[in-house]
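This report concerns only the one structure given below.
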Amino acid sequence: MDNKHDILTLLRSVADGATSPEEALLNLKEVPFEDLDYAKIDYHRSVRQGASEVIYGEGKTPEQIKGIVTAMGERGCRNILVTRIGREAADILCGAVPAEYHPLPKLAVAFPEEREHRGSIVVATGGTSDMPVAEEAALTAETLGNNVTRLYDVGVAGLHRLLSNLDPIMSARCIVAVAGMEGALASVIGGLADCPVIAVPTSVGYGASFGGLSALLSMLNSCASGCSVVNIDNGFGAGYLAGMINQMEGL
């Protein structure tokens with residue numbers, strides 16, 4: 001039981017007399033979280049937020065990642081995102097459970113399951129070097145049920161590349177602008193689009209970029225209305241937020 005539909009089904013079963021209140025109470029008591037000693041899996045995350053708990057892989061052992069994902073799969077969780085997971089851990093995970101690994105963003109989707117994709121999100125990058133972060137954002141959004149259009153290498157060094165893609169920009173419900181160096185892409189897109197723009201500074205750049213700090217400050221100081229900023233290299237956070245914004249129209 002990992003979503004609102006399951007809980008509603010249980011409550012209707014009590015209302016119909018097929019399940020006793022005591023059985024339902026025990027079921028619900030067992031749902032909130034599971035203690036694996038090294039992790040406490042939050043099974044109510046999807047009830048509160050609409051998506052299963054996401055696993056941050058960096059710093060966890062392959063065995064810990066496998067244990068968490070396996071336990072979630074046994075409880076019926078699907079499309080489980082594992083971010084920042086290296087090749088070795090991914091190989092162990094994929095050998096234990098159904099999973100897809102994307103090496104560029106170092107992201108895995110365990111127990112993948114088809115779902116309806118809605119709306120329109122654009123993920124754009126200033127350069128090809130920004131693609132690992134952009135793919136983390138795009139795959140996160142797609143896994144959560146959103147349509148994503150990718151516009152890569154459309155930075156300010158050649159604005160004609162961006163301007164030749166005005167149709168998807170103008171029709172998007174949310175845009176994720178991923179850029180390193182001076183981070184100007186977010187301001188340019190923010191001045192063209194009528195939807196929220198989520199700016200993602202990346203650590204791409206030479207010495208004075210200070211590992212993405214320069215792009216972060218540029219984006220925070222953007223004069224374009226409707227731009228918000230996430231942390232350096234946080235493609236996951238941008239993709240998740242873009243998905244929430246994109247699907248609000250359907251509520």
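Each residue takes its place number in the sequence, starting with 1. Reckoned from all heavy atoms, side chains included, excluding hydrogens, waters and symmetry mates.
Sequence neighbours left out, not one pair with a member in residues 54-72 passes salt bridge (charged side-chain N to carboxylate O under 4.0 Å, His left out). Within the structure, ring pair (Phe, Tyr, Trp, His ring centres under 6.0 Å) contacts touching residues 214-247 (residues at least two apart or in different chains) are Phe236-Tyr240.
Between Val204 and Ser129 the shortest heavy-atom distance is CG2-O, 3.5 Å. Heavy-atom minimum distance, Ala89 versus Ile65: CB-CD1, 4.2 Å. Nearest heavy atoms, Ala238 versus Val176: CB-CG1, 3.8 Å. Here the closest non-hydrogen pair linking Ile55 and Met72 is CD1-SD, 4.0 Å.
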Which pairs would a plain distance check flag for residues 184-199, meaning a side-chain donor or acceptor within less than 3.5 Å of a matching protein atom at least two apart in sequence or in another chain?
from   : atom 1 : to     : atom 2 : distance (Å)
Ser187 : OG     : Ser222 : OG     : 2.8

Result block: side-chain N/O donor-acceptor pairs under 3.5 angstrom for residues 95-108, not counting sequence neighbours:
from   : atom 1 : to    : atom 2 : distance (Å)
Tyr101 : OH     : Ile85 : O      : 2.8

Can you list, pair by pair, the side-chain donor-acceptor contacts under 3.5 Å of residues 150-157, counting residues two or more places apart and other chains?
from   : atom 1 : to     : atom 2 : distance (Å)
Arg150 : NE     : Glu135 : OE2    : 2.6
Arg150 : NH1    : Glu142 : OE2    : 2.9
Arg150 : NH2    : Glu142 : OE1    : 3.1
Tyr152 : OH     : Glu135 : OE2    : 2.5
Asp153 : OD1    : Arg161 : NH1    : 3.2

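Proximity of a side-chain donor or acceptor of Arg173 to a complementary backbone N or O of Val122 within less than 3.5 Å is not detected. Between the side chain of Asn234 and the backbone N or O of Gly237, at least one donor-acceptor pair lies under 3.5 Å. Checking side-chain atoms of Gln64 against main-chain N and O of Thr61 turns up a donor-acceptor pair under 3.5 Å.
Defined by atom type and a distance below 3.5 Å, a donor-acceptor pair is present between the side-chain atoms of Thr19 and Ser13.
Put simply, Ile245 and Ile175 are part of two different groups of oily side chains (I, L, V, M, F, W, Y) that touch within less than 4.5 Å, one to the next. Placement of Leu159 and Ile169 within a single hydrophobic cluster is found when ILVMFWY residues are connected by side-chain heavy-atom separations under 4.5 Å, directly or transitively. Hydrophobic clustering, with ILVMFWY side chains joined whenever heavy atoms are under 4.5 angstrom apart, groups Ile121 together with Val178. Under the 4.5 Å side-chain heavy-atom criterion for grouping Ile, Leu, Val, Met, Phe, Trp and Tyr, Met244 is connected to Val54 within one hydrophobic cluster. When hydrophobic clusters are built by joining Ile, Leu, Val, Met, Phe, Trp and Tyr residues whose side-chain heavy atoms come closer than 4.5 Å, directly or via intermediates, Val123 is not grouped with Leu162.
Residues that satisfy the side chain to side chain donor-acceptor pair (under 3.5 Å) test with Asp233, not counting sequence neighbours, are Ser203. Judged as a side chain to side chain donor-acceptor pair (under 3.5 Å), and not counting sequence neighbours, Ser228 has no contacts. Here Asn146 pairs with Asn246, Gln247 under the side chain to side chain donor-acceptor pair (under 3.5 Å) rule; sequence neighbours left out. Applying the side chain to side chain donor-acceptor pair (under 3.5 Å) criterion to Thr202, with sequence neighbours excluded, gives Asp130.
In this structure, SG on Cys77 lies 11.0 Å from CD on Glu113, to the nearest 0.5 angstrom.
Its side chain outside the 4.5 Å cluster rule for every partner, Ile92 clusters with none of the Ile, Leu, Val, Met, Phe, Trp and Tyr residues. Members clustered with Leu213: Phe210, Leu216, Leu217, Met219, Leu220, Val229, Ile232, by chain and number, using a 4.5 Å side-chain heavy-atom cutoff among hydrophobic residues. Taking Ile, Leu, Val, Met, Phe, Trp and Tyr as hydrophobic and joining them when side-chain heavy atoms fall under 4.5 Å apart, one finds Met181 in a cluster with Tyr206.
A salt bridge between Asp91 and Arg87 is present, with a side-chain N of the basic residue lying under 4.0 Å from a carboxylate O of the acidic one.
Each of Val82, Thr140, Ile80, Asn79 was compared with Val109 under the side chain to side chain contact (heavy atoms under 4.5 Å, CB included) criterion, and only Asn79 meets it.
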